[in-house]
Amino acid sequence: MAKVKVHVFLKPGVLDVQGKAVEGALQGLGWAGVANARVGKMIEFDLDDSVADKEAEVKRMCDTLLANTVIESYRIEVA
C-alpha cells in the first residue's frame, strides 16, 4: 500500500474567511506579527499497490472530487 497525502488550499486571490478569522484571533491573543493566514485541508489515505500510475490516479481523484479546482489548488505526496 502506498501512503497518499493531498494538501488542498485556496488559490491566491480567493478570500479565505476562515484564514482571516484565525489571523484575527491570533492577533487578539497577542501574536501581532501574524499576517496572511490561510486555512486548507489535508486528506490522507492508502492506495493499493496494484494502481500503476499512482500520481495520475490521485490527480484524477483531486480533479473529480477532492478539490474544487475553480478556487482551490492541491499538492500530492505519494510515499
Side-chain angles (χ1 to χ4, degrees):
M1 290 285 211
K3 297 286 185 187
V4 177
K5 291 181 183 178
V6 177
H7 302 269
V8 181
F9 41 90
L10 290 171
K11 290 181 177 179
V14 176
L15 178 62
D16 185 347
V17 176
Q18 192 174 8
K20 277 294 189 201
V22 168
E23 180 181 317
L26 288 170
Q27 289 176 348
L29 290 170
W31 287 286
V34 174
N36 302 314
R38 307 285 285 178
V39 174
K41 58 187 172 189
M42 197 262 294
I43 305 157
E44 189 172 21
F45 57 92
D46 295 330
L47 185 59
D48 193 278
D49 286 331
S50 66
V51 177
D53 189 349
K54 292 173 180 55
E55 284 274 340
E57 195 67 18
V58 174
K59 183 179 182 329
R60 284 185 40 223
M61 292 176 190
C62 291
D63 292 340
T64 302
L65 174 70
L66 302 179
N68 176 350
T69 57
V70 173
I71 61 170
E72 294 176 320
S73 296
Y74 57 86
R75 186 179 79 245
I76 300 167
E77 295 177 28
V78 179

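Just the heavy atoms: all of them, side chains too, but no hydrogens, waters or symmetry mates, feed the values below.
Distance CG/Leu47 to CE/Met61: 5.0 Å, rounded to 0.5 Å.
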Let me have the donor-acceptor pairs involving side chains of residues 18-35, under 3.5 Å, with sequence neighbours excluded, atom names and distances please.
from  : atom 1 : to    : atom 2 : distance (Å)
Glu23 : OE1    : Asn36 : N      : 2.9
Glu23 : OE1    : Ala37 : N      : 3.1
Gln27 : NE2    : Val34 : O      : 2.6

Donor-acceptor list for residues 64-72 side chains, cut-off 3.5 Å, not counting sequence neighbours:
from  : atom 1 : to    : atom 2 : distance (Å)
Thr64 : OG1    : Arg60 : O      : 2.7
Asn68 : OD1    : Val70 : N      : 3.1
Glu72 : OE1    : Asn68 : N      : 2.7

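Of the options Asp49, Asp48, Val4, a side chain to side chain contact (heavy atoms under 4.5 Å, CB included) to Lys54 is made by Asp49 and by none of the others.
Between Arg38 and Lys11, the shortest heavy-atom distance links the atoms NH2-O, 3.0 Å.
Qualifying salt bridge (charged side-chain N to carboxylate O under 4.0 Å, His left out) partners for Asp53, counting only residues two or more places apart in sequence or in other chains: none. By the side-chain hydrogen bond (donor to acceptor under 3.5 Å, both in side chains) test, Lys3 pairs with Asp46, sequence neighbours left out.
Leu15 shares a hydrophobic cluster with Val17; the chain of contacts runs through ILVMFWY side chains whose heavy atoms sit under 4.5 Å apart.
Arg75 contributes no side-chain N or O that, together with a main-chain N or O of Lys5, makes up a donor-acceptor pair within less than 3.5 Å.
Both Ile76 and Ile43 sit in one connected hydrophobic cluster of ILVMFWY residues. Membership requires side-chain heavy atoms under 4.5 Å apart, directly or through other members. Under a hydrophobic-cluster definition in which Ile, Leu, Val, Met, Phe, Trp and Tyr are linked whenever side-chain heavy atoms come within less than 4.5 Å, directly or via other members, Val78 and Val51 are assigned to the same cluster.
For residues 26-36, no residue pair satisfies the salt bridge (charged side-chain N to carboxylate O under 4.0 Å, His left out) rule, not counting sequence neighbours.
Looking at Phe45 and Val58, their side chains come closer than 4.5 Å, going by heavy atoms from C-beta outward.
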